[in-house]
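The block underneath contains the structure these notes are about, expressed in structure tokens.
Every number for a ligand or one of its atoms is a count from 1 in the order of the listing. Predicted, not measured: the structure shown is a model, and the values here were computed from it.
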Amino acid sequence: MSHHLRCSLDRLREDLLALGQIGRNPDDKGLYRMAFTEADMEARRWLLDRLRAAGADAKLDGAANVVGRWEGADGDLPTIVIGSHIDSVPAGGIFDGSLGVLAGLECMRALRDAEVKLSRPVELVAFSDEEGRFGGMFGVQAYTGQLTLNDVESMKDPDGVSLVDAMKACDLVPSLAMEAARKPDRIAAFLELHIEQGPVLEAQRTDIGVVLGISGIFKWKVKLLGKADHAGTSPMDMRSDAFMGLADFAHEIPRIIEEDGSERSRLTVGKVDLVPGHPHTVPGEAVFTLVGRDTEPDVLRELAKSCRKVLSAIARRHRLYFEFEEMSWLEPRPCDASIATAFRSAAERLSLSHIDMPSGAGHDTQFMTDVTRAGMIFVPSANGVSHAPDEWTAWEDVHNGANCLLQALLDVDAGSEGETLETGG
Ligand code: HGY
Ligand code: MN
Ligand code: MN
């Protein structure tokens with residue numbers, strides 16, 4: 001067993017910094033690498049080159065997931081899949097998603113340098129649109145056979161751009177996404193390394209977070225429809241002011257969570273458009289996104305129900321109409337216990353501290369759990385910041401995460417995941 005094997009931090013840092021230059025905004029304020037933009041496609045081309053340089057057979061599958069494959073020593077055993085995503089949110093950081101993909105690549109290079117050939121084949125995957133420009137986790141849904149052609153043809157981004165048009169603009173054939181589905185019995189496990197994107201590991205001075213469960217996420221596009229009016233002549237008590245409705249809703253969010261949520265519930269209004277958007281006109285229309293999250297399916301449903309009730313009460317109060325479109329609904333998912341055990345024993349073997357924790361963010365792992373044993377680990381985020389230009393993870397933590405991923409990969413390949421040092425595993 002190659003317990004002594006380690007990743008090269010120098011190579012991994014070089015890759016992270018190089019990929020972190022693709023899609024960087026001219027004002028240097030973070031990455032703009034949203035799914036199926038030119039920057040995203042440039043990043044995929046860059047990754048394909050890096051995978052081939054590391055000896056992988058690399059391609060884009062039907063959903064444009066970047067897939068690098070290394071064959072195993074023992075015939076056609078089911079594949080171990082590792083990876084994450086390389087698309088970003090607007091003004092995103094260089095570690096979200098990219099760490100899991102590039103650490104997986106570095107694991108494969110470390111195995112090659114040590115002339116260790118795993119029994120099983122390995123696929124390293126950068127899943128398309130994990131950040132949900134078109135709703136949510138398009139690439140991993142295609143990879144796990146959970147997409148319908150209607151999904152592909154109906155997905156669109158908050159500005160109304162369709163997935164179909166965005167993929168065609170990248171010379172991709174959207175319908176081929178249906179061919180990306182892998183047979184579940186050909187997948188042995190899925191392992192993902194990701195930054196925590198929160199403050200817990202740093203606050204608790206802990207090296208590794210072993211993820212037990214991943215939040216579900218609903219994303220709505222909400223419209224409050226009132227009446228555009230003159231900002232000077234319309235009396236305050238006679239307006240149908242859509243912004244005031246939105247402002248009221250914002251004040252209700254803490255009470256909704258208090259009464260119908262849990263301490264893991266999150267409600268976020270991330271994008272707002274007021275129409276007609278003129279300083280001297282009462283906004284007749286407020287169009288905004290509402291994202292709700294929780295790790296428990298029932299609580300997530302309660303949150304959604306409560307938001308709907310509050311929005312319709314507010315609409316009545318302000319003489320508004322209210323409508324919403326559900327852009328996506330991603331169910332919460334537990335991670336696989338045996339993979340969690342593999343990560344814990346890997347951390348212990350590396351003398352890394354570790355805690356079990358939930359994930360408030362959504363991740364590709366939550367769809368991979370539907371088809372195989374899937375699990376993930378976190379490494380600390382500096383000041384808990386993510387989805388922002390100053391997202392950062394210390395290089396030592398990057399190295400710890402990559403080495404933990406490597407050791408867990410070795411255990412899962414050997415079928416010894418879950419054995420601890422005492423048993424000589
Ligand atoms: O927003 C999220 O939960 C993740 O970063 N996709
Ligand atoms: Mn991510
Ligand atoms: Mn993210």
Side-chain angles (χ1 to χ4, degrees), residues 16 19-20 23 30-35 37 39-40 43 47 65-66 82-104 125-141 155 157-158 190-198 200-201 209 211 213-220 264-271 289-295 300 303 327-333 335 357-369 374-381 384-393 398 401 405:
L16 279 163
L19 181 55
L31 296 183
Y32 286 71
R33 222 166 50 212
M34 285 71 80
T37 56
D40 180 35
L47 181 59
N65 295 315
V66 181
I82 56 181
S84 191
H85 63 95
I86 58 173
D87 63 305
S88 85
V89 295
I94 69 167
F95 295 94
D96 178 359
S98 299
L99 173 62
V101 172
L102 297 178
V125 186
F127 292 106
S128 293
D129 191 22
E130 188 277 345
E131 292 294 1
R133 174 187 171 193
F134 295 99
M137 310 224 187
F138 161 71
V140 68
Q141 290 194 68
M155 282 177 167
D157 75 7
F190 177 67
L191 306 173
E192 182 174 9
L193 163 63
H194 203 284
I195 52 173
E196 179 201 338
Q197 300 181 293
V200 172
L201 291 175
V211 179
I214 302 171
S215 266
I217 308 175
F218 66 78
K219 184 194 289 185
W220 291 354
R264 288 179 187 155
S265 298
R266 305 286 186 271
L267 287 171
T268 309
V269 174
K271 183 173 186 312
T289 57
L290 175 63
V291 171
R293 300 170 186 244
D294 198 276
T295 50
L300 195 64
L303 271 184
M327 311 283 285
S328 61
W329 181 287
L330 310 180
E331 280 293 327
R333 281 286 187 277
C335 292
M357 61 191 294
S359 171
H363 295 288
D364 293 305
T365 293
Q366 74 197 93
F367 279 92
M368 289 300 285
T369 60
M376 68 185 302
I377 51 173
F378 288 154
V379 289
S381 291
V385 169
S386 181
H387 280 194
D390 45 351
E391 174 185 286
W392 189 256
T393 289
V398 165
L405 179 65

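Contact atoms of ligand 1 toward A361: 3 (O) (distance under 4.0 Å to a heavy atom of the residue).
At a 4.0 Å cut-off, not a single heavy atom of V291 sits close enough to ligand 1 to count as contact. Residue M137 places no heavy atom under 4.0 Å from ligand 1. Using a 4.0 Å heavy-atom cutoff, H387 is listed among the residues neighbouring ligand 1.
With distances taken over non-hydrogen atoms, the option nearest atom 3 (O) of ligand 1 out of H363, R293, E131 is R293.
Under the 3.5 Å distance criterion, the side-chain polar atoms of Q141 are matched with a main-chain donor or acceptor of G136. A donor-acceptor pair under 3.5 Å is absent between the side-chain atoms of S128 and the main chain of G139, judged by distance alone. Counting only distance, with no hydrogens or angles, the side chain of D364 and the backbone of V140 share no donor-acceptor pair below 3.5 Å. Side-chain atoms of R333 never come within 3.5 Å of backbone atoms of T365 as a donor-acceptor pair (strictly under, hydrogens ignored). Side chain of S88 to main chain of R33: a donor-acceptor pair is present (N/O by atom type, distance under 3.5 Å, no hydrogens or angles). Put simply, the side chain of D87 gets close to the backbone of E130: a donor and an acceptor are under 3.5 Å apart. In this structure a side-chain-to-backbone donor-acceptor pair under 3.5 Å is missing from S381 to I195.
Around the Mn ion (ligand 2), protein N, O or S atoms at less than 2.8 Å comprise H85 NE2, D96 OD1, H194 NE2.
Here the protein heavy atom with the shortest distance to atom 4 (C) of ligand 1 is G362 O, 3.4 Å. Closest to atom 6 (N) of ligand 1, if we only count protein heavy atoms, is E130 OE2, 2.9 Å.
When every heavy atom of I94 is checked against every heavy atom of L31, the shortest pair comes out as CA-CD1, 4.0 Å. Pairing each heavy atom of G100 with each of S84, the nearest pair is CA-CB, 4.0 Å.
Only the side chain of I217 comes within contact range of ligand 1, with a heavy atom under 4.0 Å; no backbone atom does.
With sequence neighbours left out, the ring-ring contact (aromatic ring centres under 6.0 Å, His included) criterion links H85 to H194.
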